[in-house]
Novice: 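There's a structure below that I have some questions on.
We name chains A, B, ... by the order of the sequence lines, and we start the count at 1 in each one.
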Amino acid sequence: MSTTIDFNALVDAKNGRVTPVIYTDPAIYELELERVFGRCWLFLCHESQIPKAGDFFNTFMGEDPVVIVRQKDGTIKAFLNQCRHRSMRVSYADSGNTRAFTCPYHGWSYGTDGALIEVPLETRAYPHGLCKEKWGLQEVTRVASYKGLIFGNWDEGAPDLATYMGDMAWYLDGVLDRREGGTEIIGGVQKWEIECNWKFAAEQFASDQYHALFSHASAVQVLGAKPDDDADKKLGAGQTARPVWETAKDAIQYGEDGHGSGFFFTEQPDANVWVDGEVSQYFRDTYQEAEDRLGEVRALRLAGHNTLFPTMSWLNGTATLRVWHPKGANKVEVWAFCIADKDAPQDVKDAFERSATRAFGPAGFLEQDDSENWVEIQKILRGHRARNTPLCMEMGIGNEKRREDGIPGITNYIFSETAARGLYRRWADLLMSDNWDEVIERTEAFKAEVLQP
Amino acid sequence: MNTVSLALHHEISQFLYHEMTLLDDWLFRDWLDVMASDIHYTMRTCVNAQTRDRRRSVQPPTTWIFNEDKHQLERRIARLETGMAWAEEPPSRTRHLLTNIQVTPVEGSEDEFDIRLNYLLYRSQKERDETYYAGMRQDRIRRTDSALGWQVCRRDIVLDQVVLTSHNISVLF
Ligand code: FES
Ligand SMILES: [Fe+2]
């Protein structure tokens, strides 16, 4: 698809201006499916969700249904969940175990390796001979794992996963690599839909600590343990019942290559006040191991928000990991997973699940308020004037820098929009470029511009 | 079928209707009083499982949407009272519809009963946002000397949707 849309006019990241038509325009959305979701590394599922041969998990890459299958030799493949005969889905369950995927329409059957193995009435229906080798399930071009997380990518020319992640891997390790045994997914997947564009959610988790003060005021007020509270909070030495932004020593935002993160420096290995006492205690008990593996900053970094561009987000300390599956310009489907250290005791895993659900499940004390905002914004943008009126994205502009202390990437104070500007710039670069080389060239030019003194 | 008398069934149904009215009328503290101090209040996600997996009684793992004790329910209500609970600002209008109420005495107990019922919860928000939640609920209720004569000591809510088609759940069931 060629485009006549002037993305440079819609996204002026240098000056901190974005025109909100990017959240509503169906033509832009179509282009995103091709050039963002068709070319970026997308989170599929966790290895712990498909432990045995024949185990499968169904998800989406953009709007394309994709089934991930554990092979007989233990490797992982992913396929477009689309029968090659007339496009029917060949796997319906959320997950399970199977020896074959049989299409319900005319009964073509595919092995777990994607090969077409059975065609009903083959010799009578295809007297000329059907070359079954040609009609296997379409395999996702590239599948790669990073410390338990499985990603897929349709683009041959994309950078490898590690390069794509760049400095974001350092931030992600703060969740994935705290302990020897790695992580696993606890329980199932919470799924709900929000009538808003996927970029609101992705951007917020990349860049927006600012909203928490106001949006989540009610949750902070009722979930914070009081120091004299003898309930299940068990505040540790040095842990404060005050919101972390009031007590933190320092706070950083990171934003680069579309990814983003924000977090506070705390003095004690304590998670947010809204997690259960067992979770806080667990972080204290395992602090030394985490520090040995990750260093002090990341071992203490238990309150933070993150997006790996485009649609995988997570919160440190709160154990929620989610994907924002786009469902049209005006709709996103949230898939929330509870991720925790594999070596944690069962009662701690249960506490992680309870805490993640209570704070960030669809009925979560904090989650409720976020979706409310996004839904209302999407309604406002139905208006012609509203969607063509540039938005202010200037927070912290000009204060970006690279740090000397080992915290990597382009950084700023947490209350800034560095990561948001970078996210929209990378997004526009993808939409304007015909291949990854061009994308990278554009992104590098933007980075140089951002870091100019 | 282990049924109860018509009079008792009527009494219990009236109690359940009354309890739902407290939610519909935003009398959340009064509703909380109807929850026993040992209440366990849950809602699970639903999943799509292959029939062959179901037959072997394996299915994709589910997870919680609610998993609350009385303290947490109280905190939810406290949140609504802050005046900053934006998901409920302005508050949703709700209609809790209960049907197919089946009452079974709890074995070995004089004053506890298990209830199974179907529900439909209609939620209207802002100008024209509408949501329906349909499913099955299992309660255990206990006769007490509280205001309504009964309290709820267990509530397991099942929602029939796999993907919730509402942007959040900020109402109670
Ligand atoms: S569509 Fe699958 S067999 Fe025909
Ligand atoms: Fe939020």
Novice: Contact part of A:V332 toward chain B, heavy-atom cut-off under 4.5 Å: side chain, backbone, both or neither?
Specialist: neither

Novice: Looking at A:Q346, I'd like to know if its CD atom is crowded, meaning that more than 12 non-hydrogen atoms belonging to other residues, nucleotides or ligands lie closer than 6.0 Å.
Specialist: yes

Novice: Taking everything shown except A:K342 itself, do over 12 heavy atoms lie less than 6.0 Å from its NZ?
Specialist: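 It does not: A:K342 NZ has 12 such atoms or fewer within range.
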
Novice: Heavy-atom count check: over 12 atoms from other residues, nucleotides or ligands less than 6.0 Å from B:E110 CD?
Specialist: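 12 or below, so no.
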
Novice: Taking the side chain as everything from C-beta on, heavy atoms only, tell me whether A:K327 gets closer than 4.5 Å to B:V163.
Specialist: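 Of all side-chain heavy-atom pairs linking B:V163 with A:K327, none is under 4.5 Å.
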
Novice: Should we say atom CZ of B:F113 is surrounded by more than 12 heavy atoms from elsewhere, each under 6.0 Å from it?
Specialist: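 More than 12 heavy atoms, drawn from other residues, nucleotides or ligands, come within 6.0 Å of this atom.
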
Novice: Which answer fits B:V171, side chain, backbone, both or neither, if we ask what part of it has an atom under 4.5 Å from a heavy atom of chain A?
Specialist: neither

Novice: In sequence, state the C-alpha distance, the side-chain angles, and the governing distance for A:Y92 and B:Q50, and then conclude on side chain to side chain contact (heavy atoms under 4.5 Å, CB included).
Specialist: CA-CA 7 Å; A:Y92 286 86; B:Q50 298 180 121; over 6 Å; no

Novice: Please report the C-alpha distance between B:M84 and A:V222 in whole Å, then the side-chain angles of each, then the deciding distance to 0.1 Å, and finally whether the side chain to side chain contact (heavy atoms under 4.5 Å, CB included) criterion is met.
Specialist: CA-CA 11 Å; B:M84 296 178 294; A:V222 302; over 6 Å; no

Novice: Looking at B:T165 and A:E193, what are the two nearest heavy atoms and their distance?
Specialist: CA-CG, 3.7 Å

Novice: At a heavy-atom distance under 4.5 Å, which candidate from B:E68, B:R44, B:Q59, B:R56 has the highest pair count against chain A?
Specialist: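 Among B:E68, B:R44, B:Q59, B:R56, the one with the most close pairs to chain A is B:E68.
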
Novice: Specify which of A:V334, A:I185, A:V189 makes the most heavy-atom pairs with chain B at under 4.5 Å.
Specialist: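 Counting heavy-atom pairs under 4.5 Å, the top option is A:V189.
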
Novice: For B:S170, which of A:E367, A:E372, A:Q368 qualifies under side chain to side chain contact (heavy atoms under 4.5 Å, CB included)?
Specialist: A:Q368

Novice: Go through the atoms of A:F56 and report whether side chain, backbone, both or neither lie under 4.5 Å from a heavy atom of chain B.
Specialist: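 Only the side chain of A:F56 comes within 4.5 Å of chain B.
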
Novice: Would you check if A:R358 and B:R75 make a side-chain contact, meaning some heavy-atom pair closer than 4.5 Å?
Specialist: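 A side-chain contact is absent here, since even the closest heavy-atom pair is not under 4.5 Å.
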
Novice: For chain B, find its close neighbours in residues 94-104 of chain A: heavy-atom separation under 4.5 Å, sorted by number, or none.
Specialist: A:D94, A:S95, A:G96, A:N97, A:T98, A:R99

Novice: Can you check side chain to side chain contact (heavy atoms under 4.5 Å, CB included) on A:V375 and B:Q125, steps first, answer last?
Specialist: CA-CA 12 Å; A:V375 164; B:Q125 249 194 314; over 6 Å; no

Novice: Step through the shown structure and confirm whether more than 12 heavy atoms of other residues, nucleotides or ligands are within 6.0 Å of CZ on B:R116.
Specialist: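 Not more than 12 within 6.0 Å, no.
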
Novice: Go through the atoms of B:D53 and report whether side chain, backbone, both or neither lie under 4.5 Å from a heavy atom of chain A.
Specialist: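 It is the side chain, since no backbone atom gets that close.
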
Novice: Please state whether the side chain, the backbone, both or neither of B:T51 comes within less than 4.5 Å of a heavy atom of chain A.
Specialist: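 Answer is neither: B:T51 stays 4.5 Å or more from chain A.
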
Novice: Could you tell me which residues satisfy ring-ring contact (aromatic ring centres under 6.0 Å, His included) with A:F214, sequence neighbours excluded, listed by chain and number?
Specialist: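 Here the qualifying residues are B:W86.
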
Novice: Report yes if the side chains of A:E353 and B:T63 come closer than 4.5 Å at any heavy-atom pair, otherwise no.
Specialist: yes

Novice: Looking only at non-hydrogen atoms, find the nearest pair between A:S371 and B:N168 and report the distance.
Specialist: OG-ND2, 3.4 Å

Novice: Quick one: pull up CD1 in A:I186 and CH2 in B:W64 and give me the separation to the nearest 0.5 Å.
Specialist: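 That separation rounds to 14.0 Å.
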
Novice: Name the region of A:K331, side chain, backbone, both or neither, that has any atom closer than 4.5 Å to a heavy atom of chain B.
Specialist: neither

Novice: Has A:H211 got more than 12 heavy atoms of other residues, nucleotides or ligands less than 6.0 Å from its NE2?
Specialist: yes

Novice: Which atom pair, heavy atoms only, marks the closest approach of A:A93 to B:A49?
Specialist: CB-C, 3.8 Å

Novice: So what's closer than 4.5 Å to chain B heavy atoms on A:E376: side chain, backbone, both or neither?
Specialist: side chain

Novice: If you apply the rule side chain to side chain donor-acceptor pair (under 3.5 Å), what do you find for A:E195 with B:H167, and how did you get there?
Specialist: CA-CA 7 Å; A:E195 293 202 355; B:H167 57 277; over 6 Å; no

Novice: Is the shortest heavy-atom distance from the side chain of A:T357 to the side chain of B:M43 under 4.5 Å?
Specialist: no

Novice: Indicate the atoms forming the closest heavy-atom contact of A:D369 with B:A87, along with that distance.
Specialist: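 Taking every non-hydrogen atom into account, OD1-N, 3.5 Å.
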
Novice: Could you check B:T62, B:L164, B:T45 and say which one makes a side chain to side chain contact (heavy atoms under 4.5 Å, CB included) with A:Q190?
Specialist: B:T45

Novice: Of the backbone (N, CA, C, O) and the side chain (C-beta and beyond), which part of B:V47 lies under 4.5 Å from a heavy atom of chain A, both, or neither?
Specialist: both

